[in-house]
Amino acid sequence: MIENAESRNEGVLRHLAVIMDGNGRWAKKRHLSREIGHRRGAENLRTLCILCRERKIQYLTVYAFSTENWKRSAAEVGALMRLITLFFRKYAEELEQEGIRLQFIGDRTNLPAHVIETIEQAEESSKDRRMLRLIIAFNYGGRREIVEAARSLSLEILAGAIRHDDLTEQMFAQHLYLSDVPDPDLIVRTGGEMRLSNFLLWQAAYAEFYSVDCLWPDFGAAELDAALDDYKRRHRRFGGR
Ligand code: FPP
């Protein structure tokens, strides 16, 4: 969704995005496997959903698996794939009680069949829920998303549906995954790095960025509220004065 200062509700955070980094380091510190670290990370995602719902945040987008994560060991990739199915089995009822709608963004073509089934079932069964939309970026890459949008727009141009010199930012945004979602107001990255790592490249244009050393499984209510307080103190200008 394309936004400007007028269309934004200044100060109110509608859309929070999180790069959940640090599961591996969290596990290493405790002499546990990376898989256990990811499992604790998934449990913390459940906690974050409840915290966001209590704080009346409407959209929460999290980076769970990037297009680059295939480079990890087969064991770790397999564990992350299994985790998504386990997560929805374990928390389906609670997500329903909390009124949480699920949406997945990313390339589904090369995912295992059980993951595609989980994703489709979670989206279909939750589509009428309204309290919070949890958007999970899974096999997601920002550059790939932009290229896919360019590809589908070029087909429309070739078909004569639009003229190339009529193309606008709004039209482009309509071809991205989150065309009906306001752009993120705040992007939080745990684990101390200061990079976007190919996350929501288009949508992050005017987002505030907040990096915290805390490792993802340890990111709780106090850390979330510190990020939200920091956000409130920032004066957002959207390129104006
Ligand atoms: C980066 O931390 C984290 C990931 C690649 C995976 C994030 C996944 C989860 C939190 C689980 C999500 C679960 C569901 C159900 C969607 P890292 O392991 O690279 O940490 P490190 O930098 O300390 O090694």
Side-chain angles (χ1 to χ4, degrees), residues 1-21 41 44-66 95 98-106 119 122-123 126-138 140-143 145-146 149 169-170 172-190 194-212 216 219-221 223-240:
M1 197 181 274
I2 290 283
E3 302 207 314
N4 53 36
E6 288 73 40
S7 69
R8 289 259 192 172
N9 196 355
E10 278 285 329
V12 175
L13 193 152
R14 286 182 296 179
H15 184 173
L16 171 69
V18 182
I19 301 175
M20 309 181 289
D21 196 7
N44 202 39
L45 175 58
R46 172 235 169 222
T47 307
L48 183 68
C49 288
I50 313 279
L51 295 173
C52 285
R53 200 188 154 307
E54 286 169 0
R55 286 154 184 76
K56 305 207 176 352
I57 291 169
Q58 293 169 45
Y59 303 93
L60 169 65
T61 302
V62 294
Y63 208 5
F65 192 87
S66 76
L95 291 166
E98 294 288 330
I100 298 174
R101 175 176 169 189
L102 281 312
Q103 181 180 355
F104 290 81
I105 56 172
I119 285 177
E123 286 185 334
S126 70
K127 64 179 190 301
D128 297 323
R129 300 183 198 152
R130 291 285 173 268
M131 297 310 289
L132 168 74
R133 192 182 316 179
L134 169 62
I135 299 156
I136 300 183
F138 201 83
Y140 173 87
R143 286 186 175 179
E145 178 183 24
I146 290 169
E169 289 183 16
Q170 279 80 359
F172 199 92
Q174 282 304 313
H175 287 74
L176 297 168
Y177 292 123
L178 298 178
S179 55
D180 66 333
V181 174
D183 286 344
D185 300 294
L186 174 66
I187 299 180
V188 170
R189 181 167 187 149
T190 61
M194 304 278 263
R195 285 189 297 279
L196 273 180
S197 298
N198 208 10
F199 185 47
L200 302 179
L201 293 184
W202 173 282
Q203 299 84 348
Y206 293 104
E208 298 291 329
F209 189 76
Y210 179 90
S211 171
V212 61
W216 170 249
F219 187 87
E223 290 75 19
L224 174 64
D225 288 336
L228 300 180
D229 284 347
D230 187 88
Y231 170 80
K232 275 189 219 141
R233 283 195 300 271
R234 297 191 197 181
H235 178 60
R236 303 184 70 197
R237 293 190 302 273
F238 298 95

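Heavy atoms only: backbone and side chains are in, while hydrogens, waters and symmetry mates are out.
The backbone N or O of Gly99 lies less than 3.5 Å from no partner atom in the side chain of Arg129, so there is not a single donor-acceptor pair. One N or O on the side chain of Tyr63 and one on the backbone of Ser197 form a donor-acceptor pair closer than 3.5 Å. For Asn198 (side chain) and Arg143 (main-chain N/O), a donor-acceptor pair under 3.5 Å exists by modelled atom type. A donor-acceptor pair under 3.5 Å links the side-chain atoms of Thr190 to the main chain of Asp21, judged by distance alone. Side-chain atoms of Glu54 never come within 3.5 Å of backbone atoms of Leu51 as a donor-acceptor pair (strictly under, hydrogens ignored).
Scored by the ring pair (Phe, Tyr, Trp, His ring centres under 6.0 Å) test, Tyr177 finds no partners at all (sequence neighbours excluded). Scored by the ring pair (Phe, Tyr, Trp, His ring centres under 6.0 Å) test, Tyr59 finds His15 as partners (sequence neighbours excluded).
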Can you check side chain to side chain contact (heavy atoms under 4.5 Å, CB included) on Ile136 and Phe65, steps first, answer last? CA-CA 9 Å; Ile136 300 183; Phe65 192 87; over 6 Å; no
Evaluation steps, side chain to side chain contact (heavy atoms under 4.5 Å, CB included), between Glu98 and Ile50: CA-CA 8 Å; Glu98 294 288 330; Ile50 313 279; 3.8 Å; yes
Run Phe219 and Thr47 through side chain to side chain contact (heavy atoms under 4.5 Å, CB included) and show every step you take. CA-CA 9 Å; Phe219 187 87; Thr47 307; over 6 Å; no
Verify side chain to side chain contact (heavy atoms under 4.5 Å, CB included) between Asp230 and Leu186, making sure each step is shown before the conclusion. CA-CA 10 Å; Asp230 187 88; Leu186 174 66; over 6 Å; no
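The minimum heavy-atom distance between Cys49 and Leu134, with the atom names listed, is SG-CD2, 3.7 Å. When every heavy atom of Lys127 is checked against every heavy atom of Arg101, the shortest pair comes out as O-CD, 3.8 Å. The two residues Ala122 and Phe104 have their closest heavy-atom pair at CB-CE1, 4.1 Å. In plain terms, the two heavy atoms of Tyr231 and Asp185 that are nearest each other are OH-CB, 3.4 Å. Taking each heavy atom of Met20 and Ala64 in turn, the nearest pair found is CE-CA, 3.9 Å. Residues Arg195 and Phe209 share a closest heavy-atom pair of O-CZ, 3.8 Å.
Side-chain contact between Thr61 and Val181: absent, with no pair of heavy atoms (C-beta onward) separated by less than 4.5 Å. When side chains are defined from C-beta on, Leu95 does not count as touching Arg46, because their heavy atoms never get closer than 4.5 Å. Using a 4.5 Å heavy-atom cutoff, the side chains of Tyr206 and Asp183 are not in contact. A 4.5 Å side-chain heavy-atom check between Met194 and Arg189 finds every atom pair outside the cut-off. At a threshold of 4.5 Å between non-hydrogen side-chain atoms, the residues Gln103 and Leu178 count as touching. Contact of the Arg55 side chain with the Leu13 side chain is not registered, since no non-hydrogen atoms from C-beta on lie closer than 4.5 Å.
Atoms CD1 and CD1, on Ile187 and Ile19 in that order, are 6.5 Å from each other to the nearest 0.5 Å.
Salt bridge Arg133/Asp180: present, at least one basic N to carboxylate O contact under 4.0 Å.
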